[in-house]
Each structure stands twice: as C-alpha cells, then as structure tokens.
Amino acid sequence: MTAVPSSPRRVRTHRAVSPWLFLLPGLAVAAAFSLYPFLTTLGKAFTDARTLAPGRWTGLENFRDMLHDEQFWVALRNSALYVVLVVPFTVLLPLLLALLVQKQLPGVAFFRSAFYTPVVASVVVVALIWVWMLDDRGLINGLLQLAGAGPVDFLGGSWMLLFSAMALTVWKGLGYYMVVYLAALANVPRELHEAAAVDGAGALRRFVSITVPAVRSTMVLVGALSSVAAFKVFSEVYLMAGPTGGPAGQDTTLVMLVQRTGTGLNGRTGYSSALSLVVFAVTLVLMLLVLRADRREERA
C-alpha cells in the first residue's frame, strides 16, 4: 500500500508550526515566571497597592515620592558606589589570577580548585564566615592585635561595613570570572608572546600589548555581568549589615530597599514595584553603555 504524498501546503504549515511546538514549554515557563511578574510589577508601580490591598491608580506619585525619600537616595548612592568600586577589581583581578593559574606548574590544579571553591559555596555560609572573621574578636582583629594594632570595627561603622561587603563580593566572584578568562586566554596564540619576548618585551609590555587586546571582548563581558550583579547586590550586604541595613540604614542598597518596602502585612507593594522599575532601568542602561563602549573599541 503506497503512502499518499502530503500536499505542499500541509508541508509548509508543518514546517512553520513544528519549531514553535518545541519552543512552547520554554516559552510557557518564561511567560509564567518572567513575563507575567514583570507585567504585574509594571502595573503596580503606578498604584498605591499594599500587601493585602490591590490599591488604586496613582500615576507617577510613587516616583515623585522617591525624589523626597531620603532612604532612596542613600540606597542609590550605595548601589552606585558598589558598581564603581567593585567592577574594576572584578575585571582586573580575575584576569591576573587566570594568567597565574594558566601556567603548567606542579600543583596548579589544586590552586584552580581552591580559587573556584567560593563560587560553589553558599553565599550565606561565606557571609557568615566573613562576619566571624571580621568581628571584634574575630581572626583578622586577633591578628591585628598580635601585630600591635588596635581592633578595627569592620562591622560597626557604616562605611567599613559597606567596604567589607564589597570585599566579600569581589572575593566570591574571583573564581567564576577566572574560569571565563581562562577560556579566553586559551585562544591567544603563544607564538605572539614568544615573538614579543624575543624582541625584548617584558612581562608587563606583553600583558598590555598582547593579552589585554586579545581578551578585550571578554573583559567587556565580565564588566557587564559584574556591573549588573554589583548594582543588584543584596545577599552580601543583607547578611553582614542585617535587615535594617547597618547603622541607621546607611548601608542599604536599592534591592534591600525594595525587599524592605514591599514585605510585611503593611508592605507598600506599589512603591516597591516602582523601586524595582528603577533598578531595572539602571541595569539596562549599564548594559547598553558597556555594549556601546565595546562597539566603539571594535570600530577603533
């Protein structure tokens, strides 16, 4: 019995529909857990909704309230400062670390694993370890006292606490970005370094003239990822400063303010949604600026 050939129209329909059937499960998950929450947040940002009340339409009132909210400006300052101080270290230090562990030396595999361990460790566990080390009676202050220096209040002062959280963020991200740089460095021809060494170029000259141009696109990627992560930082500061955001809330970040404002029985979910939109807008601008800078470098 011979099979009846399909009509050209049926074949075209089948080819047009089949890819969407494969994409449907992923699209459904993305719509349920990403698109729908985003649209809900977008709608609530223009209302005075609370946890147990849907609220009413208020237009731009939430955004006007931000301009007069002192805590918002403190949180924005801390989040912006986090980006300015953390990103340069997370771009440069992992590159230097990757150059160090790239060498085929005895025991280098152990150091690669050791540097990557903080990445797989829970941020809660890592933050608690840092709190114990930075406490007035912790390991670091104990070593300072043995050296004759007085104890440093790492967790008491607002600025010291914020800088301690930044150090934790940099330390925890070193291993992850190191692996990213190792993949990029594997594509750099060794002959370029050998030729430059023959011409008398030192290690610093080879790093600036060969390594950096070869991994520039990777540095842009790391800068973009670390910028977004630094601006949206929450766990490190929350675990080290507490729910109040340090003394008088001076270490609060924007994401911490979103969480604090929108939770509880009387949480201002409308105002919290407006804050979330500000976080989204700033991170989007950061990504666009980094990508634009990368395109300018490629054209130059």
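Scope of the values below: all heavy atoms of this structure, side chains included, with no hydrogens, waters or symmetry mates.
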Check: Leu128 and Leu239 side chains under 4.5 Å, non-hydrogen atoms: no

Any donor-acceptor N/O pair, Thr252 side chain to Ala75 backbone, under 3.5 Å: no

Closest non-hydrogen atom pair between Leu277 and Ala45, with its separation: CD1-CB, 3.4 Å

Spatial distance of atom CG (Asn187) from atom OG1 (Thr218) [nearest 0.5 Å]: 8.5 Å

Main-chain N/O of Ala241 paired with Asp251 side-chain donor or acceptor, under 3.5 Å: no

Closest non-hydrogen atom pair between Tyr116 and Gly175, with its separation: CD1-O, 3.5 Å

Close side-chain approach of Gln259 to Val255, heavy-atom, < 4.5 Å: no

Shortest non-hydrogen contact between Val91 and Gly223, atoms and distance: CG2-CA, 3.7 Å

Pairwise side-chain contact, Leu144 with Val152, heavy-atom cut-off 4.5 Å (strictly under): yes

Expected output: side-chain Thr261 to main-chain Val258 donor-acceptor under 3.5 Å: no

Joint hydrophobic cluster, Met66 plus Trp57, side-chain heavy atoms closer than 4.5 Å: yes

Within 6.0 Å of NZ in Lys172, more than 12 heavy atoms from elsewhere: yes

Gap separating the CG atom of Leu27 from the OG atom of Ser34, nearest 0.5 angstrom: 11.0 Å

Minimum side-chain heavy-atom gap Phe72-Leu257 below 4.5 Å: yes

Pairwise distance CZ(Arg216) to CE(Met219) - rounded to 0.5 angstrom: 8.5 Å

Side-chain donor/acceptor of Arg268 to backbone N/O of Gly262, under 3.5 Å: no

Minimum heavy-atom distance Ala31-Pro37, with the two atoms named: O-CD, 4.3 Å

Nearest heavy-atom neighbours spanning Val188 and Val215: CG2-CG1, 4.4 Å

Val101 vs Met178, side chain to side chain contact (heavy atoms under 4.5 Å, CB included): CA-CA, chis, key distance, verdict: CA-CA 9 Å; Val101 301; Met178 176 194 72; 3.9 Å; yes

Heavy-atom check, side chain of Met240 versus side chain of Ser164, under 4.5 Å: yes

Test item: Thr269 side-chain N/O and Ala49 main-chain N/O as donor-acceptor pair under 3.5 Å: yes

Close aromatic pair by centroid cut-off 6.0 Å: Phe38 and Phe280: yes

Non-hydrogen atoms of Leu155 and Leu161 that approach each other most closely: O-CD1, 3.1 Å

Side chain to side chain contact (heavy atoms under 4.5 Å, CB included) between Val233 and Met256, worked out: CA-CA 8 Å; Val233 67; Met256 288 181 64; over 6 Å; no

More than 12 heavy atoms of other groups within 6.0 Å of Tyr36 OH: no

Side chains of Tyr271 and Asp48, donor plus acceptor under 3.5 Å: no

Working for side chain to side chain contact (heavy atoms under 4.5 Å, CB included), residues Tyr177 and Leu93: CA-CA 9 Å; Tyr177 296 122; Leu93 290 182; over 6 Å; no

Atom CZ of Phe207: over 12 foreign heavy atoms under 6.0 Å: yes

same_hphob_cluster(Trp73, Leu60) at 4.5 Å side-chain heavy-atom cutoff: yes

Whether over 12 other heavy atoms sit under 6.0 Å from Leu265 CG: no

Flag for Thr253-Tyr238: side-chain donor and acceptor within less than 3.5 Å: no

Same apolar cluster: Val228 and Phe234, side chain cutoff 4.5 Å: no

Cluster overlap Leu95 with Leu225, hydrophobic side-chain contacts below 4.5 Å: yes

Polar side-chain atom of Thr90 near backbone of Val87 as donor-acceptor pair, under 3.5 Å: yes

Residue pair Leu134 / Met160, side-chain heavy-atom distance below 4.5 Å: no

Same cluster (ILVMFWY, side-chain, under 4.5 Å), Leu275 and Val285: no

Whether Phe63 and Phe46 hold their rings parallel, tilted or perpendicular, with breakpoints at 30° and 60°: tilted

Distance (rounded to the nearest 0.5 Å) between Lys232 NZ and Ser79 OG: 12.0 Å

Check: Gln250 main-chain N/O paired with Asn78 side-chain donor or acceptor under 3.5 Å: yes

Spacing of Asn62 atom CG and Thr47 atom OG1 [to the nearest 0.5 Å]: 7.0 Å

Heavy atoms of other groups near Arg77 CZ, more than 12 under 6.0 Å: yes

Donor-acceptor side-chain pairing of Thr211 and Arg206 below 3.5 angstrom: no

Spacing of Leu42 atom CG and Ser273 atom OG [to the nearest 0.5 Å]: 9.0 Å

Gln71 (side chain) donor-acceptor with Gly249 (main chain) under 3.5 angstrom: yes

Gln102/Tyr181 under side chain to side chain contact (heavy atoms under 4.5 Å, CB included): CA gap, chis, key distance, verdict: CA-CA 10 Å; Gln102 186 190 28; Tyr181 278 124; over 6 Å; no

Aromatic centroids of Phe163 and Phe154 separated by under 6.0 Å: no

